[in-house]
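The basis for the numbers below is simple: all heavy atoms, side chains too, and nothing from hydrogens, waters or symmetry mates.
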Amino acid sequence: MSGLSAYTCTPRQIRRYIIRCMKARRVPFIKSSPAMGKSALVASIAAEYGLMLIDHRLSTSTPEDLSGLPKFITTVNGVEKASFVPFDFFPVEGDELPLLPGETERKFNAAGQCTNCYQGWLVFLDEFNSTAKAVQAAAYKLVLDKMTGQAKLHQNVVIVAAGNLATDRAIVNPIGTAMQSRLIHLKMVLDHTEFMEDVAFKYGWDSRIIAFLNYKKTALHDFRPDHNDETFCSPRTWEFMNDLIRGEEVKEEDAALYAGTITSGTAVEFITFTKVFNDLPTIKEITEDPLAAKLPADSATKYATITHLMEHANDDNFTPITEYVTRLGGDYRVLFFRGLMVQKPDLKKHLAFRRALVELSRYLHDDLAAAA
């Protein structure tokens, strides 16, 4: 590797590296194009490790937010001095661990540890490279020394920074050399397979979106810095789209709504694509005669069929469904089982699933295959 490519990581790699940085007490700085899911990734790590997430946007900060405000105190000798008092959104030494949501009174185990508290805090410094130079300078101590003004951060605080790429025409300011050496720099790029498994399948996205994004993989994120549309396709805007169509019919009369979410060109393609769902073979036709049921002729309908079958597969109909899926071919078969591994993991115990894993093991993730 050389140049920028050496910093490039998929979201799964970014997740692993953030955790390593947390354990090493160092601060990772994650950069990517807009709307790729950096904030959601950091939030999920905080949840996994029982940390309260403090989302602090540096682009709207002043230096005083990081150094604190002056307060006059009188020393034992009667001398009046000024001391900096940190803002309450930064946990400092002596602060108690915060209670979990819904809890009102701390409970402790025999070792004196709070059992209904967060384990600490994750301070997320988002829009890190969109801040003014004065704020960037004020963040030196926070990032390297874990201090806000003269106060040390609580020992259970970890910090993660994130921002957009300068090449994407986002609001970005150069990071000075003094700050560069205080951070661990990582660049995130999307991986389509990871996104489908870790987001779309995992959170049960609408089957029409899952089918479309597998039919046209480039539509997942089509951001270009010089684009002329009002918006662009991205994990964020597809999440908006998922919210808009869940439980709703996709209609041509709603094209303006979809265009304002995923651009006009993609909206037209998506509306046209969803019409194939009207011509899919029924579950009854497939389960009654999986070896003779009609097969879709084009790739769009095949992707729609696969997501349709994933949605309706269960223990009772799984054997005939897998027989039918086998007739669709390798890529569609792999997509079917990858999706089920995430959406319906209990089906991995089914004999038909085990047989498929043996045949498709080199196409499926080893860790998922081993778990079946």
Side-chain angles (χ1 to χ4, degrees), residues 21-29 39 42-43 46 49-101 103-108 111-163 171-185:
C21 290
M22 285 166 44
K23 293 178 178 179
R25 310 290 298 172
R26 297 301 171 191
V27 178
F29 176 35
S39 300
V42 172
Y49 282 84
L51 303 173
M52 174 182 264
L53 181 66
I54 299 174
D55 190 336
H56 189 75
R57 307 295 169 112
L58 281 194
S59 59
T60 60
S61 292
T62 65
E64 292 78 16
D65 291 340
L66 308 184
S67 60
L69 294 175
K71 174 186 177 183
F72 287 105
I73 59 172
T74 303
T75 68
V76 293
N77 298 323
V79 178
E80 198 173 57
K81 291 186 175 181
S83 176
F84 282 91
V85 179
F87 281 91
D88 60 1
F89 47 74
F90 286 123
V92 297
E93 287 182 335
D95 285 351
E96 290 186 306
L97 292 174
L99 285 167
L100 293 169
E103 300 290 339
T104 58
E105 187 176 341
R106 285 177 170 75
K107 301 172 185 177
F108 299 92
Q113 299 168 324
C114 181
T115 58
N116 61 340
C117 294
Y118 285 100
Q119 299 302 302
W121 300 261
L122 192 160
V123 175
F124 181 40
L125 302 177
D126 202 3
E127 300 169 0
F128 189 81
N129 52 350
S130 300
T131 187
K133 290 184 178 180
V135 178
Q136 189 182 125
Y140 290 166
K141 288 176 68 175
L142 182 68
V143 169
L144 185 63
D145 303 318
K146 308 299 187 294
M147 294 182 68
T148 171
Q150 301 304 312
K152 281 190 171 292
L153 295 181
H154 194 285
Q155 63 179 3
N156 289 18
V157 170
V158 294
I159 301 175
V160 177
I171 302 172
V172 170
N173 296 318
I175 288 182
T177 53
M179 180 59 81
Q180 288 174 358
S181 62
R182 285 168 160 81
L183 301 164
I184 294 175
H185 301 258

Side chain to side chain donor-acceptor pair (under 3.5 Å) pairs, two or more places apart, involving residues 136-158:
none
Heavy atoms of G149 and M147 approach each other most closely as O-CE, 3.8 Å
Closest non-hydrogen atoms of A43 and L53, given as atom of the first, atom of the second and distance, are CB-CD2, 3.9 Å
d(S59 OG, L125 CG) to nearest 0.5 Å is 11.0 Å
So how far is it from L142 CG to R182 CZ, rounded to the nearest 0.5 Å?
11.0 Å
Minimum side-chain heavy-atom gap I159-L153 below 4.5 Å
yes
Do H56 and F124 come close enough that some side-chain heavy atom pair is under 4.5 Å?
no
Mind checking whether Y118 and L100 have side chains closer than 4.5 Å, heavy atoms only?
yes
Working for side-chain contact (heavy atoms from CB on, under 4.5 Å), residues V158 and V123:
CA-CA 6 Å; V158 294; V123 175; over 6 Å; no
Nearest heavy-atom pair of L69 and E64: which atoms, and what distance?
CD2-CB, 3.9 Å
Can you name the residues that form a side chain to side chain donor-acceptor pair (under 3.5 Å) with Q119, not counting sequence neighbours?
none
Any heavy-atom pair between the side chains of I175 and F29 that's under 4.5 Å?
yes
Can you measure from NZ (K107) to SG (C117) and round to the nearest 0.5 angstrom?
10.5 Å
Side-chain donor-acceptor pair under 3.5 Å between S39 and D126, yes or no?
yes
Nearest heavy-atom pair of F89 and P91: which atoms, and what distance?
O-CD, 3.6 Å
Nearest-0.5 Å distance that lies between atom CG in L97 and atom CH2 in W121:
5.0 Å
Give, for atom CG of N129 and atom CE of M179, the distance between the pair rounded to the nearest 0.5 Å.
11.0 Å
Mind listing the closest non-hydrogen atom pair of N116 and R106 along with its distance?
OD1-CA, 3.6 Å
How long is the span from the CG atom in L51 to the CE atom in M22, to the nearest 0.5 Å?
5.5 Å
What one should report as the nearest heavy-atom pair of I184 and C21 is CD1-SG, 3.7 Å
Do L99 and T104 come close enough that some side-chain heavy atom pair is under 4.5 Å?
no
Tell me, do V135 and L66 make a side-chain contact under 4.5 Å, heavy atoms counted?
yes
Has the side chain of T131 got a donor or acceptor atom that lies under 3.5 Å from a matching backbone atom of E127?
no
Answer yes or no: is there a side-chain heavy-atom contact under 4.5 Å between L183 and F128?
yes
